[in-house]
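These figures come from a predicted structure and were not determined experimentally.
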There are 2 protein chains.
Amino acid sequence: MRLLPHPATENIELTEVLRALSDPVRLEIVARLAVAGEMTCTVAGDDLGVHKSTASHHYRMLREAGVVLTKQVGRLKYMSLRRDDLDRRFPGLLDSVLGSVLGVPRP
Amino acid sequence: MRLLPHPATENIELTEVLRALSDPVRLEIVARLAVAGEMTCTVAGDDLGVHKSTASHHYRMLREAGVVLTKQVGRLKYMSLRRDDLDRRFPGLLDSVLGSVLGVPRP
DNA sequence: CGTACAGTTGGATTGTTGTCAAACCATTGG
DNA sequence: CCAATGGTTTGACAACAATCCAACTGTACG
């Protein structure tokens, strides 16, 4: 099991996170990760409507911005949201974005 | 007093807002508006380190994304954050961004 | 070992963006 | 009316980004 290179929590930049989340395809990937938790690239990128190399490009953007964590297990790569890191650095940001994407439960 | 064209609240898109906020210059403008409230373009763009035409370009991005409201009074244009609209559409988003930019008061 | 699978990389293309400079437009004050 | 002020537009340019396709790399399974 190997971890790919990621930015340290302190080095996650707000503008880069916002930039990473500002693409519809990436936002969809993030939403899936939020709902289903850790998943492989293939699953995360299923039916996105883009070529798999394009999806791969988006995985890297998300990883380099500090939004997702990627670890390799065998020939699979698992992605997951860096919820805790993001929340420590930008409290409430991810929740509000996910709330808007997934729909907020209203009392 | 004239209002410039703006997107209606329902038409404000999350990805466009995130995109608008993902530029350091625009984020600085938004932070100033958050702190000082309504202000003219000249004041908002003072000492940003970019040419005034570049600043003007950013004002438009922010307006077209639905982040700011611009009204013309005489030869001045006043910008203000669309706090209520944004909060209705994407609850908590603007607050979390501003909190991260301006620093959150911790108890 | 070789084939299939999971994902990345490189190249090409097309479109977008941030920037400056210079010219422009609109409003107001003399 | 003319000049100054406040912003915008246009043109040019370099950098970046999203996309596809094809070729590639690495891992495991038969």
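In this structure, B:His57 places its NE2 atom 17 Å from P of D:dA15, rounding to the nearest Å. Taking atom OH of residue A:Tyr59 and atom C1' of nucleotide C:dT9, one finds them 15 Å apart after rounding to whole Å. Across the protein-nucleic acid pair, B:Lys71 atom NZ and D:dG6 atom C1' stand 18 Å apart, rounded to whole Å. Rounded to whole Å, the distance from CG on B:Leu4 to P on D:dT8 is 8 Å. When the P atom of C:dT17 is taken as reference, atom CG of B:Leu62 falls 13 Å away, rounded to whole Å. One can place CG of B:Leu76 at 18 Å from P of D:dA4, the figure rounded to the nearest angstrom. The distance from atom CE of A:Met1 to atom P of D:dA28 is 14 Å, rounded to the nearest whole Å. Atom-to-atom, CE of B:Met79 to P of D:dG6 comes out at 14 Å; the value is rounded to the nearest Å.
Taking NE2 of B:His6 as the start and CD1 of B:Ile12 as the end, the distance is 9.5 Å to the nearest 0.5 Å. Rounding to the nearest 0.5 Å places CG of B:Leu14 at 8.0 Å from CG of A:Leu21. Atom-to-atom distance recorded for A:Arg19:CZ and B:Leu18:CG is 11.0 Å, nearest 0.5 angstrom. Here the OG1 atom belonging to B:Thr15 is positioned 10.5 Å from the CZ atom belonging to A:Arg26, to the nearest 0.5 angstrom. A distance of 10.0 Å separates OG1 in A:Thr70 from CD in A:Glu64, rounded to the nearest 0.5 Å.
Applying the side chain to side chain contact (heavy atoms under 4.5 Å, CB included) criterion to A:Lys71, with sequence neighbours excluded, gives A:Met1, A:Leu3, A:Glu38, A:Tyr78.
In the hydrophobic clustering of ILVMFWY residues, with side-chain heavy atoms under 4.5 Å counting as a link, B:Ile29 and B:Leu76 come out apart.
Atom CG of A:Asn11 is surrounded by more than 12 heavy atoms from other residues, nucleotides or ligands within 6.0 Å.
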Under 3.5 Å, which protein N or O atoms sit close to an N or O of nucleotides 25-28 of chain C? Give each pair with its distance.
unit_1: C:dT27; atom_1: OP1; unit_2: B:Arg2; atom_2: NH2; d: 2.6

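Listed by residue number, the members of residues 47-56 of chain B with any heavy atom below 4.0 angstrom from DNA chain D are B:Lys52, B:Ser53, B:Ser56.
OP1 or OP2 of C:dT8 lies within a sub-4.0 Å distance of a side-chain N or O belonging to A:Lys77. For the OP1/OP2 pair of D:dT9 and a distance below 4.0 Å, the side-chain nitrogens and oxygens of B:Arg60 include at least one atom meeting the criterion. Taking only side-chain nitrogens and oxygens, A:His58 comes nearer than 4.0 Å to OP1 or OP2 of D:dT19.
With hydrogens and angles disregarded, no donor-acceptor distance shorter than 3.5 Å links the side chain of A:Arg82 to the backbone of A:Val68.
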